[in-house]
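The structure appears right after this line, and notes come after that.
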Amino acid sequence: MSTRKLISSTSKKSIHFHKIPPTILNSLNWADNNQTQSSNPSLTPKNPSILATNLIKSYCESGQINEARTLFDEMPERDVVAWTAMIAGYTSFHYHTHAWRLFAEMAGTAAVDPNEYTVSTVLKACRSMKSLLYGTLVHGLAVKRGLEGSLYVDNALMDMYATCCDCMEKAWMVFKGIKVKNDVSWTTLITGYTHIGDGYGGLRVFRHMILEEVKLNPYSFSIAVRACASTGWLVFGKLMHAAVTKHGFGSNIPVTNSILDMYCRCGCLSEANQYFHEMSEKDLITWNTLIAGYERSDSSESLNIFSRMESEGFSPNSFTFSSIIAACANLAVLRCGQQVHGGIVHKGLDRDLALANSLIDMYAKCGNISDSQKIFSDMWHRDLVTWTSMMIGFGSHGYGKEAVHLFDEMVWSGIRPDRIVFIAVLSACSHAGLVDEGLRYFETMVGKYNIKPNQEIYGCVVDLLGRAGRVNEAYRLIQSMPFKADETVWGALLAACKAHRLVDLGKLAARRVLDLRPNMMGAYVMLSNIYAAEGKYKEFAKIRRTMRRMGNKKETGKSWIEVKNQVYSFVVGDKMGSHTEHVYVVLDLLNGNMKEAGYVPDLDCLVHDPEG
DNA sequence: ATAGGGTTAG
C-alpha cells in the first residue's frame, strides 16, 4: 500500500487527522520534497520528513502501530527524530523487543546517531525486558556519545538499573553522578528501593529529599506511601497519610490509591474499608487495590467486593482477574474459578502471562491438575512463575517425578532458577521419596546458582531426609546450619521423629518448637503422643492440661467443600444438617478402599487426641 | 518534530 493511499484510507478512523488540513496531506510527496506547491504556504512544512514523523506519532497514539511502521519504512530519508518516534511508538505499545530491534538496526546500520531522546526511550524498553545486558550496552553507548549528563538519560539509566539488577548499587552510582537532580531523579530512586522490597531504604531517600528541600508532588507522595506499605509499619503509614492531607494531595487518585494499599498491606482491613468509603473519587485501580488487599486475608470478602464493583459499572481488567483467581484458589472453589476463567477468555485476556500463571495455580489448588497442565502446555511464552506454579501443582498432587522433570526442562529452556522454584522442586522430591535427587538439587542450588539456603529451604531438606527415615542426617543438617533453625525446621524434624518413632530426638525437637512458638498445637499433640508411647503418663497428663488451657483460645479448624455451586463448611463433630448420612456413606466406602489397599491407620493420633 | 517517575502474580 502506498503512503498516500494509506493516509487517505486510515485518516477517517483517526481523530488526530481531522485537524490536519488536506492541503498538507497532499503535499506529502517524497519525489519533490523541497518544492511542494500549496495555496497556503504557511501550512506547508519545509521538510516533509517532519510531517511524516508527526504522522508516525499520531498513528501510534491512535493505536495503528503497523500503519506507523509502514509509513516509517516508506520514508526515503529518516533522521534521528523519525527513528526515535518509531522506537517510542513500540515501547508505548509494550512491543519492547520490536523497539530494541529497531534501535539495534539504527545503531548498527543507519547513518544516524542516537541522541538523548533515543537513548532514554530505548532504556525504557531494556527496563521492561529486564535486560541488564542490553541496558548496560546502551549505557556504554551513552557514555561514548557524551549523553550522560542529560537528566532524561540519567534518570532512565537509574530506572533501568533499579529494575534490571536486584541491587541498588548501580542506580546509586548514577544518582550520585547527577549534578542537578530533579524530582524525577528522586522518585525514581525511591521506586527502585520499594521495587526490591526495601521500604526503609525508600523512606531514607524520601527523608533526604525533604532535607534537600525538593518540591514534593503527588508522585513523590504516592511512592513514599508505597515505601511505608513495604515496611508494614502502620505508624509510618499514618504519618504519611497526615502529610498527604497537609500538602493538599488528599484527593489525588493515585495518591489515595496508594494510601488504601498501605492500609491493606499493614493488615488494617477495617481502616482500609473505611478509607475506601471516604474516598470521593474511585477508579478501577481503587477497586483492584481493595480486592487484592482482601484476597490476602479474607478471600470470600474479596469476591463480594468484586461483584459490588461490577454492579457499580466497573469492568475488570487483568489485575482484577489476577486477584479474583487467587481468591478462588485460596477458597478452592472450582466452579467459581471456572466462571472467572470464562470471563477472562471472553475479555480476550487469556494470553496474559500473569493470568495464565494464576489459572495454573488455581486449578491445581482446586484439585484439577489436568486443567493446570492443559493451560501450561498451551502457553507459548512461559516465565519462572509459570514453571514454579506448575511444579508446585504437580508436587502437591504427588507427582514428584513430573515436577522434577519440569525443573530440568525449565533450566534447559534457559530460565535461571531462584529460591522459590527450589522450594517447589525440593518439596516435590520430598513427597515423592526422591531423596537423592532432592539432595542433588540442594547442592546445585548452593554450588551452581549461588543461592543461600534460608529457613524454608532447610525445612524442605530436613523434611526430605526425615520422611525417608534419615532422621539423624536431618538433625546433623540442622546442627550445621549457619543460623538458628526456626520452628518450621524443628517442626519438620519433629514430624519425622513421630513417623519413625524416635522418642528422644522427638522430645528435643518438640521442646525447640515450643520454645519458639508456645501455642503450636501440633507440637503438643506429638509430644504428648511420645510421652504416652513411653508410658510416662505424668508428663502426658501435664501436656494435656496445658493443651486444654490453650484450647479455648485456639480457633477451631474448619474444612469446606464445594458441591454444585454451593460451599459447605464444617468443623470437628459437625452434624452438617441433612447431609451427615451421605458423608458417612462416603467415609465408609473410603475406609473400605483403604483397607483393601493395605493401609493401616495410625491410631496413635486418635487415641491420644485431646478431645477424644 | 522525538524522551521521564505512582497500583499487580509462584
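In what follows, chains carry the letters A, B, and so on, assigned in the order in which the sequence lines appear, proteins first and then strands, with residues in each chain numbered from 1.
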Within the structure, does a side-chain N or O atom of [X] lie under 4.0 Å from either OP1 or OP2 of [N]?
{"X": "R296(A)", "N": "dA9(B)", "result": "yes"}
{"X": "K124(A)", "N": "dA3(B)", "result": "no"}
{"X": "K57(A)", "N": "dT2(B)", "result": "yes"}

Could you state the atom-to-atom distance from [atom1] of [X] to [atom2] of [N] in whole Å?
{"X": "Y294(A)", "N": "dT7(B)", "atom1": "OH", "atom2": "P", "result": "22 Å"}
{"X": "I190(A)", "N": "dG4(B)", "atom1": "CD1", "atom2": "C1'", "result": "15 Å"}
{"X": "R416(A)", "N": "dG10(B)", "atom1": "CZ", "atom2": "P", "result": "22 Å"}
{"X": "L71(A)", "N": "dT2(B)", "atom1": "CG", "atom2": "C1'", "result": "15 Å"}
{"X": "F175(A)", "N": "dG4(B)", "atom1": "CZ", "atom2": "C1'", "result": "15 Å"}
{"X": "Y152(A)", "N": "dG5(B)", "atom1": "OH", "atom2": "C1'", "result": "11 Å"}
{"X": "D113(A)", "N": "dT2(B)", "atom1": "CG", "atom2": "P", "result": "20 Å"}
{"X": "M75(A)", "N": "dA1(B)", "atom1": "CE", "atom2": "C1'", "result": "10 Å"}

query: S315(A) and K347(A): side-chain donor and acceptor closer than 3.5 Å?
result: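 S315(A) vs K347(A): donor-acceptor pair found between side chains.
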
- prompt: Distance only, no hydrogens: is a donor on one side chain within 3.5 Å (strictly under) of an acceptor on the other, for H397(A) and E402(A)?
  reply: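 There is no such pair between these side chains.
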
Determine whether a donor-acceptor pair (one donor, one acceptor, N or O, separation below 3.5 Å) exists between the side chain of [X] and the base of [N].
{"X": "D154(A)", "N": "dG4(B)", "result": "no"}
{"X": "N182(A)", "N": "dG5(B)", "result": "no"}
{"X": "T388(A)", "N": "dG10(B)", "result": "yes"}
{"X": "T121(A)", "N": "dA3(B)", "result": "no"}
{"X": "T187(A)", "N": "dG5(B)", "result": "yes"}

Using the side-chain heavy atoms of [X], tell me which of these nucleotides is nearest: [options].
{"X": "E116(A)", "options": "dT7(B), dA1(B), dA3(B)", "result": "dA3(B)"}
{"X": "Y117(A)", "options": "dT2(B), dA1(B), dT7(B)", "result": "dT2(B)"}
{"X": "S222(A)", "options": "dA3(B), dG6(B), dG5(B)", "result": "dG6(B)"}
{"X": "D261(A)", "options": "dA9(B), dT7(B), dG5(B)", "result": "dT7(B)"}
{"X": "N54(A)", "options": "dA1(B), dG4(B), dA3(B)", "result": "dA1(B)"}
{"X": "V255(A)", "options": "dT2(B), dA9(B), dG6(B)", "result": "dG6(B)"}
{"X": "V81(A)", "options": "dA1(B), dG10(B), dG4(B)", "result": "dA1(B)"}
{"X": "I50(A)", "options": "dA1(B), dG4(B), dT2(B)", "result": "dA1(B)"}
{"X": "N217(A)", "options": "dT2(B), dG5(B), dG6(B)", "result": "dG5(B)"}
{"X": "N357(A)", "options": "dA9(B), dG6(B), dT2(B)", "result": "dA9(B)"}

Within the structure shown, what part of the strands sits under 4.0 Å from [X] by heavy-atom distance: base, sugar-phosphate, or nothing?
{"X": "N257(A)", "answer": "nothing"}
{"X": "L384(A)", "answer": "base"}
{"X": "T53(A)", "answer": "base"}
{"X": "R382(A)", "answer": "nothing"}
{"X": "D352(A)", "answer": "nothing"}
{"X": "V119(A)", "answer": "nothing"}
{"X": "S258(A)", "answer": "nothing"}
{"X": "D283(A)", "answer": "nothing"}
{"X": "D383(A)", "answer": "nothing"}

- prompt: According to the salt bridge (Lys or Arg N to Asp or Glu O under 4.0 Å) rule, which pairs have a member within residues 246-259 of chain A, sequence neighbours left out?
  reply: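 Listed by first then second residue: nothing to list.
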
- prompt: Hey, is CD on E456(A) packed in by over 12 heavy atoms from elsewhere, all under 6.0 Å?
  reply: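 No.
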
field: Polar side-chain atom of T256(A) near backbone of I253(A) as donor-acceptor pair, under 3.5 Å
entry: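 Present.
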
field: Test item: K181(A) side-chain N/O and L151(A) main-chain N/O as donor-acceptor pair under 3.5 Å
entry: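 Between the backbone of L151(A) and the side chain of K181(A) there is no qualifying donor-acceptor contact (under 3.5 Å).
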
field: For A329(A) against D361(A), the heavy-atom pair lying closest together
entry: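 Closest approach of A329(A) to D361(A): CB-OD2, 4.1 Å.
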
field: Partner of Q274(A) by side chain to side chain donor-acceptor pair (under 3.5 Å), out of E271(A), H277(A), E278(A)
entry: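 Between Q274(A) and the candidates, side chain to side chain donor-acceptor pair (under 3.5 Å) is satisfied uniquely by E278(A).
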
